[in-house]
Amino acid sequence: MCKGLAALPATCLKSAKDMKHRLGFLLQKSDSCDYGSSQGKKEKISASQRLSQEEVRKWADSLENLIHHERGLAAFRAFLKSEYSEENIEFWVSCEDYKKTKSPAKLSPKARKIYDEFISVQATKEVNLDSCTREKTSHNMQEPTLTCFDEAQRKIFTLMEKDSYRRFLKSPYYLDLVSPPGAGCGPENCKRNHAHTLDCNSNIISQCA
C-alpha cells in the first residue's frame with residue numbers, strides 16, 4: 001500500500017477496497033469483450049520478447065536453421081526484400097510447397113507456374129541459375145515430378161548460404177534480435193540504437209503476424 005493510502009481513515013480504505021473488488025470483477029467479466037483489443041496489444045510486443053535468445057542464436061548456426069524457423073524465415077525474407085533479392089527465398093519456399101503436392105494432377109500446373117515465375121527467360125522473378133541447371137530444369141518440365149526442381153533449389157540455397165545469409169547475420173535484421181535490449185550501447189548512441197531496434201523489430205513483427 002502506498003503512503004498516500006496509509007494516511008486515509010479506515011472507512012475510506014474499506015471503500016477503496018470495495019471499489020477495487022468491484023473493478024476486478026468487472027474487468028474479469030469484460031475479458032471476452034476486450035479480446036480483440038488485447039490481441040492488438042500482443043501484436044505490438046517486440047520480436048525480442050517473443051523470441052528466446054537461444055532460438056535466435058541457432059539461426060547463426062546454419063541457413064537451414066534460419067529458414068526452417070517461421071520467424072527466422074520472416075526476418076530473412078524482410079532482409080532480402082531490403083536488398084531487392086527476395087526472389088531467391090520465394091523460389092526456395094515455392095519449391096518446398098511444391099514437394100508437398102499430393103495430387104498428381106496438380107503437379108504439372110504448379111510446376112509450370114514456378115518455372116514461368118522464377119526460371120524461364122521471361123520470368124518476372126528470375127533467379128540466378130547456371131545454364132546447365134536451367135536447361136536440366138527446363139527438360140524436367142516435360143514430365144514434372146516432385147523432384148524436378150531439386151537441383152535448382154539446391155543451387156539457390158547454396159547461393160544464399162554463401163552470400164546473402166552471411167550479410168544477414170551482420171545486419172540489424174539479425175543483430176537487433178540476437179542482442180539483449182541496450183546491449184552495446186554507448187552513452188552517445190544508446191538512444192539512437194534503441195530507436196533503430198524498435199523500428200526494425202516492428203517491421204519484422206508485421207511480417208511474422
Side-chain angles (χ1 to χ4, degrees), residues 43 47-48 50-51 55-178 199-209:
E43 290 176 1
S48 59
R50 296 170 63 185
L51 287 170
E55 281 181 302
V56 179
R57 288 193 183 98
K58 286 181 180 179
W59 299 352
D61 292 340
S62 69
L63 175 58
E64 190 172 358
N65 282 355
L66 173 66
I67 59 182
H68 279 95
H69 189 288
E70 182 181 0
R71 291 168 189 159
L73 176 61
F76 189 52
R77 191 195 294 267
F79 169 72
L80 291 179
K81 190 172 183 179
S82 74
E83 291 198 333
Y84 304 99
S85 60
E86 66 267 30
E87 69 277 358
N88 291 325
I89 193 62
E90 288 182 11
F91 172 66
W92 185 89
V93 170
S94 295
C95 290
E96 287 294 290
D97 178 67
Y98 174 78
K99 288 187 288 188
K100 297 174 184 176
T101 304
K102 296 181 179 180
S103 171
K106 293 182 179 180
L107 284 179
S108 185
K110 288 184 74 172
R112 176 53 58 181
K113 184 177 185 298
I114 293 173
Y115 181 82
D116 290 343
E117 188 173 7
F118 298 103
I119 299 176
S120 72
V121 178
Q122 298 179 337
T124 55
K125 300 178 181 179
E126 185 178 358
V127 292
N128 187 14
L129 291 172
D130 59 89
S131 58
C132 182
T133 303
R134 193 181 300 275
E135 186 177 340
K136 183 176 181 180
T137 306
S138 178
H139 178 75
N140 291 341
M141 288 299 98
Q142 296 176 16
E143 294 183 15
T145 64
L146 288 176
T147 61
C148 66
F149 292 111
D150 280 6
E151 185 171 343
Q153 187 184 20
R154 279 195 298 269
K155 290 292 178 70
I156 293 304
F157 179 91
T158 301
L159 180 66
M160 291 190 295
E161 187 176 39
K162 292 181 178 179
D163 186 28
S164 51
Y165 172 58
R166 294 179 181 180
R167 291 199 304 277
F168 168 78
L169 295 179
K170 297 177 182 179
S171 75
Y173 288 85
Y174 178 70
L175 296 179
D176 286 348
L177 291 175
V178 77
D199 181 63
C200 179
N201 285 345
S202 64
N203 289 336
I204 294 175
I205 292 168
S206 66
Q207 300 198 28
C208 294

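- A distance of 9.0 Å separates CG of L169 from CZ of F79, quoted to the nearest 0.5 Å.
- Formation of a donor-acceptor pair under 3.5 Å by the R134 side chain with backbone atoms of I119 is found in this model.
- Expressed to the nearest 0.5 Å, how far CG of L63 lies from CD of E161 amounts to 6.0 Å.
- Here the shortest heavy-atom pairing between T137 and C148 reads CG2-O, 4.1 Å.
- With hydrogens and angles disregarded, a donor-acceptor distance shorter than 3.5 Å links the side chain of Y174 to the backbone of V56.
- Across every non-hydrogen atom of S108 and P144, the tightest pair is CA-CG, 4.0 Å.
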Q. Could you walk me through whether H69 and N65 pass the side-chain contact (heavy atoms from CB on, under 4.5 Å) check?
A. CA-CA 6 Å; H69 189 288; N65 282 355; over 6 Å; no

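- A distance of 6.5 Å separates CZ of R112 from CE of M141, quoted to the nearest 0.5 Å.
- Looking only at distances, no side-chain donor or acceptor of Y165 sits under 3.5 Å from a matching main-chain atom of T158.
- How far CD of E87 is from OG of S94: 12.0 Å, rounded to the nearest 0.5 Å.
- Shortest non-hydrogen contact noted between V121 and E126 is O-OE1, 3.9 Å.
- By the 6.0 Å contact criterion, NZ on K99 is enclosed, its count of non-hydrogen atoms from other residues, nucleotides or ligands being greater than 12.
- Heavy atoms of other residues, nucleotides or ligands lying less than 6.0 angstrom from CD of E135 number 12 at most.
- Taking NE2 of H68 as the start and OG of S62 as the end, the distance is 9.5 Å to the nearest 0.5 Å.
- Counting only heavy atoms from C-beta outward, the side chains of V93 and L73 approach each other to under 4.5 Å.
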- Task: Mind running side-chain contact (heavy atoms from CB on, under 4.5 Å) on E90 and L80 for me, showing each step along the way?
- Result: CA-CA 10 Å; E90 288 182 11; L80 291 179; over 6 Å; no

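- Note on R167 versus E83: salt bridge recorded, some NZ/NE/NH1/NH2 to OD/OE distance being below 4.0 Å.
- Atom CG in D150 sits 7.5 Å away from atom OG1 in T145 (nearest 0.5 Å).
- Put simply, the residue from Y98, Y115, W92, F118 that forms a ring pair (Phe, Tyr, Trp, His ring centres under 6.0 Å) with F149 is Y98.
- The heavy-atom pair separating L175 from K170 by the smallest distance is CD1-O, 3.3 Å.
- Across all their heavy atoms, W59 and A75 have their closest contact at CZ3-CB, 4.4 Å.
- Taking each heavy atom of N88 and I156 in turn, the nearest pair found is O-CG2, 3.6 Å.
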